[in-house]
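Below is one structure, written out as structure tokens, with a few remarks after it.
Atoms within each ligand, like the ligands themselves, are counted from 1 in listed order.
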Amino acid sequence: MTERIASARSCSNIAFIKYWGNRDNALRLPSNGSISMNLRGLETVTTACFSKRFSEDRFILNHVEQSGEALARMSKHIDFIREMAQSRERVSVVSENSFPTGVGIASSASGFAALTVAACSALELGLNERELSRIARLGSGSACRSIPGGFVEWPATDNEHDSFASPFAGPDHWALVDLVAVVSERHKAVGSTGGHALASTSALQSARVADTPRRLMICREAITNKDFLTLANIIEEDTLMMHGVMMTSRPSLIYWNPPTMAVMSHVLELRMSGIPVAFTIDAGPNVHVISTQDYSDMLTQNLRGINGVTDVLRAVPGDPTVAITEHLAFS
Ligand code: DP6
């Protein structure tokens with residue numbers, strides 16, 4: 001057999017308690033634990049094909065052949081997997097996101113989770129969920145949380161072998177929705193990887209990290225008890241703490257723009273009027289508006305009416321990353 005091929009589908013995830021800053025940047029050992037929800041509706045499908053006939057690695061993302069940093073990051077991740085499989089075969093990877101490209105929605109979580117499962121399946125490594133999560137983490141920290149399904153926690157452990165994410169509630173546990181209010185289509189100047197490296201330059205980071213066990217506990221319990229108001233307050237507090245660190249880093253990282261703030265104040269007004277809704281924001285200007293699924297249509301319409309909101313994407317709690325039998329074409 002000259003070719004070994006496998007594919008995987010992965011959901012992206014939204015962090016309710018954010019990962020920001022590493023104790024070890026190379027190993028992606030986080031400074032603090034995080035909690036997230038997998039997002040069905042914001043997904044990546046990836047096919048990995050290994051062959052002795054290939055002379056170099058190739059990476060086609062959303063029908064565009066990648067080079068430079070994107071290709072190097074993919075190859076470096078595959079190197080870990082090749083080493084485990086004791087293989088020297090080059091790989092061709094083709095990957096597609098279900099969500100529109102260039103709208104500032106990060107695809108590294110679903111991307112590295114799908115890549116990990118596709119490559120490990122192709123090389124028949126026979127790994128369990130924990131091992132796959134640990135390997136996905138080396139490609140992108142948040143990707144380790146996209147390996148299990150539903151509501152997931154990635155603790156901050158001392159040992160790199162224990163650094164993986166585990167689910168604590170399945171996707172059917174709570175019918176939440178994530179409505180992503182897209183407010184900018186521009187590529188951000190500093191991505192997450194660069195941002196993590198700056199976190200410790202903020203005087204606020206140590207206080208944020210020290211307080212994380214409290215936020216994790218409140219968030220975990222709010223999800224377990226389906227207590228929306230407690231969830232709303234803790235995820236907003238957590239987001240504002242992370243953006244406080246970003247804004248006070250040297251150099252400062254200010255990801256918000258005026259429509260970001262318009263959406264945030266709109267969400268707060270809606271919650272004051274009794275609607276279960278909250279915001280959370282990653283390393284970019286787009287706002288993830290979290291609510292329960294019965295408010296989806298009403299909120300989508302509402303968000304579309306805000307000046308500067310160009311699109312609203314919808315996602316619900318998602319499944320684990322799985323190997324699939326349909327392969328993407330390498331053309
Ligand atoms: C703000 O996982 O994208 O979204 O490991 O460098 O790829 P790398 O970083 P990444 O960081 C995610 C940062 C965040 C918060 C979160 O998802 O927890």
First locate atom OG of Ser296, then atom CD of Gln293, and finally report the distance between them rounded to the nearest 0.5 Å.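 Going from the OG atom of Ser296 to the CD atom of Gln293 covers 6.0 Å.
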
Within residues 200-209 or reaching into it, pairs that qualify as side chain to side chain donor-acceptor pair (under 3.5 Å) - sequence neighbours excluded: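 Of all non-adjacent pairs touching residues 200-209, those that pass side chain to side chain donor-acceptor pair (under 3.5 Å) are Asn32-Arg208, Ser202-Thr248, Gln205-Arg208.
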
For residues 137-148, pull every pair meeting side chain to side chain donor-acceptor pair (under 3.5 Å), keeping only residues two or more places apart or in separate chains.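 Of all non-adjacent pairs touching residues 137-148, those that pass side chain to side chain donor-acceptor pair (under 3.5 Å) are Asn13-Arg145, Asn13-Ser146, Ser34-Arg145, Ser36-Arg145, Ser108-Ser140, Arg137-Glu160.
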
What residues sit with at least one heavy atom under 4.0 Å from ligand 1?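 Residues Ala15, Lys18, Tyr19, Trp20, Arg28, Arg73, Ser108, Ser140, Gly141, Ser142, Arg145, Ser192, Thr193, His196, Met242, Asp282, Ala283 each place a heavy atom under 4.0 Å from ligand 1, listed by chain and number.
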
Any chance the side chains of Asp294 and Thr292 put a donor and an acceptor closer than 3.5 Å?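 There is such a pair between these side chains.
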
Report, one line per pair, each donor and acceptor closer than 3.5 Å where one atom sits in a side chain of residues 67-74; sequence neighbours left out.
| unit_1 | atom_1 | unit_2 | atom_2 | d |
| --- | --- | --- | --- | --- |
| Arg73 | NE | Gly139 | O | 3.4 |
| Arg73 | NH2 | Gly139 | O | 2.9 |

Assign the ring pair Tyr255 / Trp20 to parallel, tilted or perpendicular, where the plane angle (0 to 90°) is split at 30° and 60°.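 Answer is perpendicular, since the angle exceeds 60°.
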
